[in-house]
Amino acid sequence: MAATIQSLLEEISGVEDPVEELQSLKTALLSIPLSTLRDFVSGQRFDVIFSLLNSNEREQVDLCVDILERILLALSPLHLVHNYRGKLQEGLSHPNDTVKILALTQIGRVVEHPEAVTEIVNNHDILRAVILCIGEEKIAVAKQAIESLSKISHSKPGLDKLFQTDLLEVMKEVMARSDVIRYRIYELVVEISSFSPISLGYCANSGLISLLLSELTGDDVLIRATSTEMVTTLAHSQHGRQYLAQQGIMDKISNMIRGAETDPFSSFYLPGLVKFFGNLAIMDSPQQVCESYPVFLNKVFDMALDPDPVMIGVALDTLGLLGSTVEGKQVLQKTGDKFKAVFLRISQLASSGATELRVRSLDAISQLLILQVFMWTNCIHYCFNSIQFQFSLFI
């Protein structure tokens with residue numbers, strides 16, 4: 001089979017229209033296990049395939065991408081970066097998006113290797129080209145670039161390179177192109193920040209997190225919604241929550257929920273604000289969050305009784321989330337008649353609501369009623385029986 005591949009490579013280099021030969025080469029490569037293919041490709045050069053990427057023929061380029069994907073996957077990250085670093089860099093600026101994705105995917109493999117990553121971190125031009133890919137129109141290209149840069153930031157040298165050189169200015173220039181691209185940079189920053197307290201420190205010192213947080217109270221309601229989603233992701237880590245608390249973000253979001261009552265456009269961003277506190281309650285303490293920010297639970301109850309299906313859906317999901325924990329069940333039970341009214345509404349939706357709301361209502365009810373044996377205490381027994389009794393009245 002190795003002889004067949006070599007023969008096909010020679011044929012490809014000698015014909016004007018190599019599509020048929022490329023297809024044969026692709027078939028031959030796919031028929032060989034990667035472990036076997038590795039021994040053959042490690043001693044070969046495939047410059048002829050790379051050169052054929054410089055074509056306006058879409059079929060030819062796609063075949064070359066498929067072939068190179070198979071070949072490069074068979075190579076170790078060290079061999080790949082030592083022998084094809086220049087080709088990967090060229091791929092990052094190729095006009096065809098599939099070539100860009102191929103290059104970014106292989107760079108992603110390299111930066112996961114503890115030794116090979118240094119070759120990328122120390123290559124300013126490659127890093128700059130990867131950052132520029134975040135600004136590409138095709139979202140798949142941007143996502144792959146974000147993933148690779150996020151992996152690079154797992155080491156101090158990577159963080160230093162991204163945030164303490166002119167590459168930080170490159171990121172700021174890219175994010176200035178449009179709202180969409182700005183939020184791609186925010187996505188990268190949130191991913192990096194979530195990795196460790198140290199990485200969060202780098203991102204905070206860069207000023208990019210402050211820019212994101214300032215958009216929570218911007219004039220554009222859609223931007224508010226998107227920034228709230230980003231901040232919720234940042235709150236998934238303990239150090240992220242600590243940072244947000246230090247910046248007063250929990251109080252700010254609580255005030256935003258309160259102010260939403262007089263904002264006719266609040267339906268665009270209110271669900272995200274409620275989800276933020278719902279996730280916060282589960283990750284920290286339902287009782288602490290509900291007592292510290294009472295407007296949160298009151299708003300959830302209001303949304304459950306709202307005629308808007310979107311608001312009802314968010315309320316159902318949040319109540320199910322709170323009800324999935326013992327502490328959450330206790331918090332809900334302590335609200336007395338408020339929770340009874342909401343539970344009646346959920347029961348009605350479960351029996352006669354629209355299909356989607358019926359499913360979400362049943363899911364919420366199951367979370368509220370299920371109690372594992374190890375959770376039982378006298379207090380929990382009382383709360384659980386109280387909720388079950390309320391449910392029995394409604395069916």
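Note that the structure is a prediction, hence the values are computed from the model and not measured. All residue numbers in this chain count up from 1 along the given sequence.
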Answer whether the closest heavy-atom distance between the side chains of [X] and [Y] falls below 4.5 Å.
| X | Y | value |
| --- | --- | --- |
| F277 | I257 | yes |
| L53 | L68 | yes |
| I67 | F46 | no |
| T232 | L280 | no |
| T98 | R58 | yes |
| D251 | Y293 | yes |
| V231 | T228 | no |
| L234 | L212 | no |

As an exercise, state the distance from [atom1] of [X] to [atom2] of [Y], rounded to the nearest 0.5 Å.
| X | Y | atom1 | atom2 | result |
| --- | --- | --- | --- | --- |
| C133 | K143 | SG | NZ | 15.0 Å |
| S148 | R109 | OG | CZ | 12.0 Å |
| D337 | L344 | CG | CG | 12.0 Å |
| L159 | N205 | CG | CG | 11.0 Å |
| L211 | I185 | CG | CD1 | 11.5 Å |
| L168 | L208 | CG | CG | 6.0 Å |

Polar side-chain atom of [X] near backbone of [Y] as donor-acceptor pair, under 3.5 Å:
| X | Y | answer |
| --- | --- | --- |
| S292 | Q288 | yes |
| R184 | I146 | no |
| K100 | V141 | no |
| T36 | I32 | no |
| S55 | L52 | no |

Checklist entry - Does a sphere of radius 6.0 Å around NZ in K338 hold more than 12 heavy atoms from other residues, nucleotides or ligands, not counting ones at 6.0 Å or beyond? => result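 Counting neighbours around NZ of K338, 12 or fewer heavy atoms of other residues, nucleotides or ligands fall under 6.0 Å, so no.
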Checklist entry - When you look at CD1 of I198, are more than 12 heavy atoms from neighbouring residues, nucleotides or ligands closer to it than 6.0 Å? => result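 Open.
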Checklist entry - What residue pairs, at least two apart or across chains, pass ring pair (Phe, Tyr, Trp, His ring centres under 6.0 Å) with a residue in residues 217-263? => result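 Residue pairs passing ring pair (Phe, Tyr, Trp, His ring centres under 6.0 Å), neighbours aside: none found.
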Item to check | D220: partners by salt bridge (charged side-chain N to carboxylate O under 4.0 Å, His left out), with sequence neighbours left out | outcome: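 Result, salt bridge (charged side-chain N to carboxylate O under 4.0 Å, His left out) vs D220: none returned.
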Next on the checklist: List the residues meeting salt bridge (charged side-chain N to carboxylate O under 4.0 Å, His left out) with E229, not counting sequence neighbours, and say none if there are none.
Outcome noted: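 None.
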What heavy-atom pair brings [X] and [Y] nearest, and what distance separates the two atoms?
| X | Y | result |
| --- | --- | --- |
| K299 | V274 | CG-CG2, 4.0 Å |
| S199 | S193 | OG-O, 3.7 Å |
| L73 | Q106 | N-OE1, 4.3 Å |

Next on the checklist: My understanding is that a hydrophobic cluster links ILVMFWY residues whose side chain heavy atoms are under 4.5 Å apart, including indirect links. Using that, what else belongs to the cluster containing I282?
Outcome noted: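 Members other than I282 - counting any ILVMFWY side chain reachable under 4.5 Å - are L321.
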Checklist entry - Do S24 and T27 have a side chain donor and acceptor closer than 3.5 Å? => result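 No.
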Kindly state each residue pair satisfying salt bridge (Lys or Arg N to Asp or Glu O under 4.0 Å) with at least one member in [range], sequence neighbours excluded.
| range | result |
| --- | --- |
| residues 167-183 | D179-R182, R182-E215 |
| residues 25-39 | K26-D66 |
| residues 255-266 | R224-D263 |

With a cut-off of 3.5 Å and sequence neighbours excluded, list every side-chain donor-acceptor pair involving residues 124-132.
from, atom 1, to, atom 2, distance (Å)
H124, NE2, D166, OD1, 2.7

Next on the checklist: Once side chain to side chain donor-acceptor pair (under 3.5 Å) is applied, do any residues pair with R241, and if so which ones, sequence neighbours excluded?
Outcome noted: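 Counting only residues at least two positions away or on another chain, R241 forms a side chain to side chain donor-acceptor pair (under 3.5 Å) with D284.
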Checklist entry - For E119, which residues count as a side chain to side chain donor-acceptor pair (under 3.5 Å) partner, sequence neighbours excluded? => result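 Expected list: R85.
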Checklist entry - Are the charged groups of K151 and E147 less than 4.0 angstrom apart, N to O? => result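 Yes, K151 and E147 are salt-bridged.
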Checklist entry - Going through the checks in order, is the ring-ring contact (aromatic ring centres under 6.0 Å, His included) test met by Y186 and Y183? => result CA-CA 5 Å; Y186 286 150; Y183 272 87; 4.9 Å; yes
Item to check | Sub-6.0 Å ring centroid separation between F50 and Y84 | outcome: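 Yes, close enough.
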Side chains of residues 350-359: which donor-acceptor partners sit under 3.5 Å, not counting sequence neighbours?
from, atom 1, to, atom 2, distance (Å)
S351, OG, S347, O, 3.3
S351, OG, Q348, O, 3.0
S352, OG, Q348, O, 2.9
E356, OE2, R360, NH1, 2.9
R358, NH1, G353, O, 2.7

All N/O donor-acceptor pairs, side-chain side in residues 307-316, below 3.5 Å, sequence neighbours left out:
from, atom 1, to, atom 2, distance (Å)
D308, OD1, V310, N, 2.9

